[in-house]
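Report on the following structure.
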2 protein chains.
Amino acid sequence: MKSRRSIREFSDRAISKRLLVKILEAASVAPTGAGVAGTHILVLEDPTIRRKLREICERGERDWVDSQPESVRERLSNLPGFSCTKEYIETAPVFLAVTTRPLDPEIPYAVESAFLAVGYMLVMIEGMGLGTVTYTPSFTRVDDEKLLDELLDLPEGETVQVFLPIGYPKIKRESKPEHGFYNVYHNQFGVPFTIET
Amino acid sequence: MKSRRSIREFSDRAISKRLLVKILEAASVAPTGAGVAGTHILVLEDPTIRRKLREICERGERDWVDSQPESVRERLSNLPGFSCTKEYIETAPVFLAVTTRPLDPEIPYAVESAFLAVGYMLVMIEGMGLGTVTYTPSFTRVDDEKLLDELLDLPEGETVQVFLPIGYPKIKRESKPEHGFYNVYHNQFGVPFTIET
C-alpha cells in the first residue's frame, strides 16, 4: 500500500485475463451498503468508444478546473502528473468505468459502496505490480454528462463514479516519503491522537 | 480479501498499538481527490462517549430502518447479523469514526476519498486477522445528527461517514462461497462481459 503512486503512463505490455479477473473479483468481495450489489463495472475495450470518451472527458475536465476555487486550482497545478490531457483513456491496456445509481433508494450508500470496491481494486492492482490512477470525470455542463451517458448507454440515474486506466507502469516511480498517519484525533475532533496516548 | 466477513462480535483480546498504527497508516496512504487530505479519523476510547454514542446510534438506526422502502427492509432483515442493537459501539477493542466535510469545495470528492481510505483500512484489518463491520450511522431526524456532532465536537459541515469497530473475531466465520465477479459489462452498460470476450 505504501508504495502506491498514481500511474498515468503505461508500458505496452498487455494485462493477462487472469489478472483482470483478480481485479474484478476484488471489487465484488468488498462490503456493500445493506448487502445490495449496486456497483457496476464496464470494461471499455472498443477503440472508438475510448476515443470519443477521451474527447468528452478532456473538454469536461478543462471546464471543471476553471470552475474550482483558486486554492484547489493551485493544488492541482502542483500535483505531479496532473493534466487535462488524458491520453491513457485511449492507450491504457485495461480501462474500467465504475458506475452506480447514487439517488436510487434501492441502493443504500451507493457511492460509498462503489468507492469501497474501488479501494479493494486499488490494493489488488498495486499488489500485482500494476498501476492506475483514480480518475473521476468532472463536468460542469449537463450536455457533457449526457454525451457520456449515451456513449456508455447508461440507464437513467446511473453515473460514472471513477475511471481506472490499468497497466504496467512505464516508469517506476519512487515511493513517497514515510509520513506515518495524519488527521487522527482522540475521542473528539481536533484533539491530537498520538500513539503514546 | 475473499475471506472477508462482517464481524460484529469481538473477543476481549486487545489490539496492540502497533497494529492500530498500521490501520491508521493504511488510511493515510490511500489516494485522495486532488491530493487534498480531507479525511479525518477519530479514535474513540472514552467509555462515556461510547455509551452515549451507542444510545444515539441505536435510536437513529431504528428510525432509519422504518423509513426505508419495503424491499430494503426485507433485505436488511435477511442480512446475517444485522440488528439495530449495536453493542460493539461500547465493547469493540478499537472503535474508529471516519469523518469529512462532504460539501466543502476545498475538499473535492470528500466522501469518495473517505471511502477509498476505508477500503484500504478494511484490507489491512482483514490481512492482520482482525475483523470489522462498516457501520454508517443513519438518521432521519436532524436532532439526532446534532447530538452526534456535539458528542464528537465535529466542526460545522464535518459528518461521520462510517464507524469501524475493530477487534479479533469472537467466532471465526466461514468464507463466503466463491462467486467470481458480477455486474461487469463490456463496452456498454448491460452487455455481459465474460472472460472469453
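Keep in mind that the numbers below use all heavy atoms, side chains included, and drop hydrogens, waters and symmetry copies. Each chain gets a letter, A, B and so on, in the order the sequences are listed, and its residues count up from 1.
Taking chain B as the reference chain and counting heavy-atom pairs below 4.5 Å, the highest number among A/Ser138, A/Ala26, A/Gly190 is found for A/Ser138. Per-residue counts of heavy-atom pairs under 4.5 Å with chain A were compared for B/Pro155, B/Pro108, B/Ala27; the largest is that of B/Pro155. No other option in A/Thr39, A/Leu151, A/Leu42 has as many heavy-atom pairs under 4.5 Å with chain B as A/Leu42.
Annotation: side chain of A/Val72 is not in contact with side chain of B/Pro105 (no heavy-atom distance under 4.5 Å). Counting heavy atoms from C-beta on, the side chains of B/Phe193 and A/Leu20 come closer than 4.5 Å.
Contact annotation for B/Tyr120: both backbone and side-chain heavy atoms come within less than 4.5 Å of a heavy atom of chain A. For chain A, no part of B/Glu70 is nearby; none of its heavy atoms comes within less than 4.5 Å. With a 4.5 Å cut-off on non-hydrogen atoms, A/Leu76 touches chain B through its side chain but not through its backbone. Interface remark: B/Val111 contributes side-chain atoms only to the contact with chain A (heavy atom separation under 4.5 Å). With a threshold of 4.5 angstrom between heavy atoms, B/Leu116 approaches chain A through its backbone and through its side chain. The parts of A/Met124 that come within reach of chain B are both its backbone and its side chain, each placing non-hydrogen atoms under 4.5 angstrom from that chain.
Note on A/Tyr185: it clusters hydrophobically with B/Leu154, by side-chain heavy-atom contacts below 4.5 Å among ILVMFWY residues. In terms of hydrophobic clustering, with Ile, Leu, Val, Met, Phe, Trp and Tyr side chains grouped at heavy-atom distances under 4.5 Å, A/Val133 and A/Ile23 are assigned to different clusters. Under the 4.5 Å side-chain contact rule for hydrophobic residues, B/Tyr88 and B/Val98 do not share a cluster. Linking Ile, Leu, Val, Met, Phe, Trp and Tyr residues whenever their side-chain heavy atoms come within less than 4.5 Å places B/Val118 and B/Val21 in a single cluster. Residues A/Val162 and A/Ile7 are members of separate hydrophobic clusters, defined by side-chain heavy-atom contacts under 4.5 angstrom among Ile, Leu, Val, Met, Phe, Trp and Tyr.
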**OP:** Apply side-chain contact (heavy atoms from CB on, under 4.5 Å) to A/Val36 and B/Arg75, showing your working.
**Re:** CA-CA 8 Å; A/Val36 178; B/Arg75 239 171 273 149; 2.8 Å; yes

**OP:** Carefully, step by step, assess A/Gln188 and B/Ile49 under the rule side-chain contact (heavy atoms from CB on, under 4.5 Å).
**Re:** CA-CA 9 Å; A/Gln188 291 194 306; B/Ile49 288 181; 3.9 Å; yes

**OP:** Give the C-alpha distance, both sets of side-chain angles, the deciding distance and a yes or no for side-chain contact (heavy atoms from CB on, under 4.5 Å) between A/Val43 and B/Asn187.
**Re:** CA-CA 6 Å; A/Val43 183; B/Asn187 290 317; over 6 Å; no

**OP:** Would you please test B/Thr134 and A/Glu112 for side-chain contact (heavy atoms from CB on, under 4.5 Å) and show each step?
**Re:** CA-CA 10 Å; B/Thr134 50; A/Glu112 291 85 342; over 6 Å; no

Original post:
Where do A/Glu106 and B/Ser71 land on the side chain to side chain donor-acceptor pair (under 3.5 Å) test, with the steps shown first?
Top reply: CA-CA 7 Å; A/Glu106 299 284 328; B/Ser71 59; 2.5 Å; yes

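A/Pro31 and B/Leu122 get closest at one heavy-atom pair: CG-CD1, 3.5 Å.
Heavy atoms of other residues, nucleotides or ligands lying less than 6.0 angstrom from CG of A/Asp12 number 12 at most.
Ring-plane geometry between A/Phe189 and B/His40 is classed as perpendicular, the angle between the planes exceeding 60 degrees on a 0 to 90 degree scale with a lower cut at 30.
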